[in-house]
> 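One structure is given below, represented as structure tokens, and several questions about it will come after.
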Amino acid sequence: MQLGGPPDPSPIRTRFPPEPNGYLHIGHAKSICLNFGLALDYAGRCHMRFDDTNPVKEDQEYVDGILDAVRWLGFSWDAGGEDNLYFASDYFGWFYEIAEHLIRAGHAYVDSQSADEMRVARGTLTEPGRDSPYRARTPDESLALLREMRAGSYAQGTHVLRARIDMASPNINLRDPVLYRIRFAHHHRTGDAWCIYPMYDYAHPLSDALENVTHSLCTLEFEDHRPFYDWILERAAEGGFFQRPLPRQIEFARLNMTYTVTSKRKLQSLVQSGAVDGWDDPRMPTLVGLRRRGYTPESIRLFAERIGVSKAHQWVDPSVLEGALRDDLDAKAARAFAVLDPLKLELTDVPADFDEPCAAPVHPHHPDRGQRRFALTREVWIEREDFQAQPPKGFFRLFPGNRVRLKHGVVVECTGFEADADGRPTKVLATVLPDSKSGTPGADAYKVKGNIHWVSARHGLPAEVRMYDRLFTDPTPDAGDKDWLASLNPAAKRVVRAVVEPTLATAAADERFQFERHGYFVADRVDHRPGAPVFNLAVTLKDSWAKK
Ligand code: ATP
Ligand code: MG
């Protein structure tokens, strides 16, 4: 680490440096896959580092949540015999020593202007800034003040430590940026040990250098900060704190996803206002939300691979994320029947105790995964939309006089229906065609166009199914001056009482299924119980937004 230390055995070091002030979202997943992925590709290391230098908004809850999310995505900071879990707050002592060095070397001074005075004197993009009247303070004077600031002798806002660079620089980030400010705030790790805290732009490059990071990847907004990143590391290296080569900052475009927001602050306000049911609400673009929604780590890594990394600003449609999940689950998820909007179908020509065993593959491409077994009974549930009293042209499911196959069961012919006073069907009536059972020699003799799913009314399990859609109706809810909450989608969550096939009695929390003809669903990791199943819609079988 320091001059004269042993050479670093790792060819590259990257880091993932979140601030523990919220839960990670899909944008962070891009950064995680990039940083940890590069380390894996080049036999290097990726450090997990908490940028916990701002005591006010940070919390242990978020530290734990972030570690969980990175592990869930399948990455590890504990690699090659090193446990690379770090906290920038552990470096407070170092940062402070370097600050004293900068003052002694003439590169920093304590400024005592008010925040307003500093802002005005900073200038604008077109006008240079003005030197602070305190800029000429001697190192001794500034050092004494910094020590008193650290000792708690001054009120918040009275003094700051600034770099002495160039108030006329065309890059505003080089107009004597603030390095330290006074904050009487309790820190979630260092407690009350400090009442001065370093600024992000100061702490970040020093943390990178302390950890021997080689490639410090960050989003494009930090491009203008790079000259200061390099400046501070050069000054610290001149002081003998670090050995060259120094870390390099490299920018990439952040991920922006349409129909959602990816800012921890906005996500937090959705949680606090009750617009969603928590950070892990399946409508949220957080990793805990996506996980509860049914996303797999593999699907998110596949998504990161597909969107790639570049310097071009990136807006990604959620269909790309959804496509990755479909592609991952198609090969994995067991199939099942679920009727989401149940309408009763009665087979009028079989006895009341009819109980005909039927079988269907767990997965159509993996016969080795065996068969699901369930029985056909006199009364079954079908999807309300699979029956039409007066069928529109081209409708080939159930209507009076038409035949369909009850998938993996028998062929039936609709003989009529019962309806309520408003004409809404309450029960469909049908008869069974002889020798039509799936898998028997006679089955192929029947040519029917419709093939519908069903669940026995006697054996089916009632289930709560939560149908989810996009959180916002506007593709860019927070662009420009929009009121970003105005386009919250009130229909983003809909709860239905469904009936599912009896084999789902053994579904475990987090287990994913393809409900045939509907989409992929997951047993909710929080609320699902074997006796009271709860499933979440992860993604529909087809992109239902594509046509809109
Ligand atoms: P937010 O505004 O949501 O809090 P942030 O950038 O402040 O985001 P950090 O915790 O500081 O959040 O981010 C940790 C890392 O994740 C940073 O290196 C940051 O560049 C990266 N990151 C954050 N958001 C995105 C995004 N949308 N796309 C790609 N990388 C991101
Ligand atoms: Mg941040």
Side-chain angles (χ1 to χ4, degrees), residues 13-39 46-54 56-59 61-70 73 75 77 86-89 188 198-201 203-205 207-208 211 213 215-226 229 247-271 279 284-290 300-301 303-318 320-321 476-479 484:
R13 281 183 196 272
T14 55
R15 84 287 168 268
F16 173 63
E19 187 181 355
N21 62 350
Y23 284 82
L24 300 182
H25 51 65
I26 187 68
H28 293 110
K30 172 174 173 174
S31 176
I32 295 170
C33 292
L34 174 61
N35 281 295
F36 281 93
L38 278 172
C46 179
H47 295 190
M48 177 70 228
R49 182 205 308 147
F50 287 97
D51 237 322
D52 57 348
T53 53
N54 178 3
V56 184
K57 296 185 204 142
E58 300 168 358
D59 200 273
E61 175 195 349
Y62 300 134
V63 170
D64 297 338
I66 289 171
L67 292 177
D68 240 25
V70 175
L73 272 182
F75 296 108
W77 47 90
Y86 301 103
F87 292 84
S89 56
H188 70 111
M199 302 300 289
Y200 174 88
D201 273 353
H204 198 88
S207 305
D208 285 345
E211 294 175 16
V213 162
H215 299 71
S216 180
L217 307 172
C218 65
T219 46
L220 280 172
E221 311 90 85
F222 290 94
E223 200 163 13
D224 289 347
H225 299 231
R226 181 166 13 110
Y229 183 100
R248 287 204 308 134
Q249 174 178 310
I250 299 158
E251 303 86 17
F252 65 95
R254 64 184 285 125
L255 165 68
N256 295 302
M257 182 122 77
T258 49
Y259 299 99
T260 192
V261 292
T262 47
S263 135
K264 281 193 227 119
R265 187 178 56 78
K266 286 181 182 145
L267 295 172
Q268 180 149 46
S269 95
L270 289 174
V271 172
W279 285 99
M284 291 279 272
T286 50
L287 295 178
V288 278
L290 291 167
I300 293 176
R301 296 201 305 262
F303 167 73
E305 206 176 288
R306 287 182 179 171
I307 60 172
V309 179
S310 80
K311 284 199 189 272
H313 286 285
Q314 190 177 34
W315 278 96
V316 176
D317 191 87
V320 182
L321 182 61
T476 55
D478 55 354
W484 64 280

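Computed from a predicted model, the values in this text were never measured in an experiment. As the structure lists them, so they are numbered: ligands from 1, and atoms in each ligand from 1.
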> Looking at S263, which atoms of ligand 1 are within less than 4.0 Å of one of its heavy atoms?
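Ligand 1 atoms under the 4.0 Å threshold to S263: 3 (O).
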
> Centroid-to-centroid, Y200 to H204, below 6.0 Å?
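Between Y200 and H204, the centre distance is under 6.0 Å.
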
> N/O to N/O below 3.5 Å, does that happen between R15 and ligand 1?
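No, there is no polar N/O contact under 3.5 Å.
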
> May I ask you to list the atoms of ligand 1 that are less than 4.0 angstrom from any heavy atom of F252?
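Within the 4.0 Å cut-off of F252, ligand 1 contributes 29 (C), 30 (N).
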
> Is any N or O atom of K30, backbone or side chain, closer than 3.5 Å to an N or O atom of ligand 1?
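For ligand 1, there is no N or O atom that lies under 3.5 Å from one belonging to K30.
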
> Tell me if the aromatic rings of F50 and Y86 count as close, with their centers under 6.0 Å from one another.
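No; Y86 has its ring centre 6.0 Å or more from that of F50.
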
> Is any side-chain heavy atom of R301 closer than 4.5 Å to a side-chain heavy atom of F75?
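Counting from C-beta outward, R301 and F75 do come under 4.5 Å.
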
> State, yes or no, whether a side-chain contact exists between M48 and V70 at a heavy-atom distance under 4.5 Å.
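In short, these two side chains touch, coming nearer than 4.5 Å.
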
> In terms of atom number and element, which parts of ligand 1 are under 4.0 angstrom from non-hydrogen atoms of P17?
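Result: 14 (C), 18 (O).
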
> When you compare ligand 1 with H25, is there at least one nitrogen or oxygen pair between them that comes in under 3.5 angstrom?
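For ligand 1, there is an N or O atom that lies under 3.5 Å from one belonging to H25.
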
> Find out whether F252 and K30 are in side-chain contact, i.e. whether some heavy atom of one side chain is under 4.5 Å from a heavy atom of the other.
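Yes, at least one pair of side-chain atoms sits under 4.5 Å.
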
> Which residue, V309, L220, L255, forms the side chain to side chain contact (heavy atoms under 4.5 Å, CB included) with Q314?
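Checked V309, L220, L255 against Q314; only one passes side chain to side chain contact (heavy atoms under 4.5 Å, CB included): L255.
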
> Quick test of your reading of the structure: of E251, M257, H28, E19, whose heavy atom lies closest to atom 12 (O) of ligand 1?
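That would be H28.
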
> Would you mind finding which of L217, L34, L255 brings a heavy atom closest to atom 27 (N) of ligand 1?
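Nearest heavy atom to atom 27 (N) of ligand 1 lies in L255.
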
> Check whether any side-chain heavy atom of L34 sits under 4.5 Å from a side-chain heavy atom of L217, and report yes or no.
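Yes, at least one pair of side-chain atoms sits under 4.5 Å.
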
> Between ligand 1 and F222, can you find any atom pair, the residue atom being a heavy atom, that is separated by under 4.0 Å?
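No; F222 lies far enough from ligand 1 that no heavy-atom distance drops under 4.0 Å.
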
> Any N or O of P18 that comes nearer than 3.5 Å to an N or O of ligand 1?
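No, there is no polar N/O contact under 3.5 Å.
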
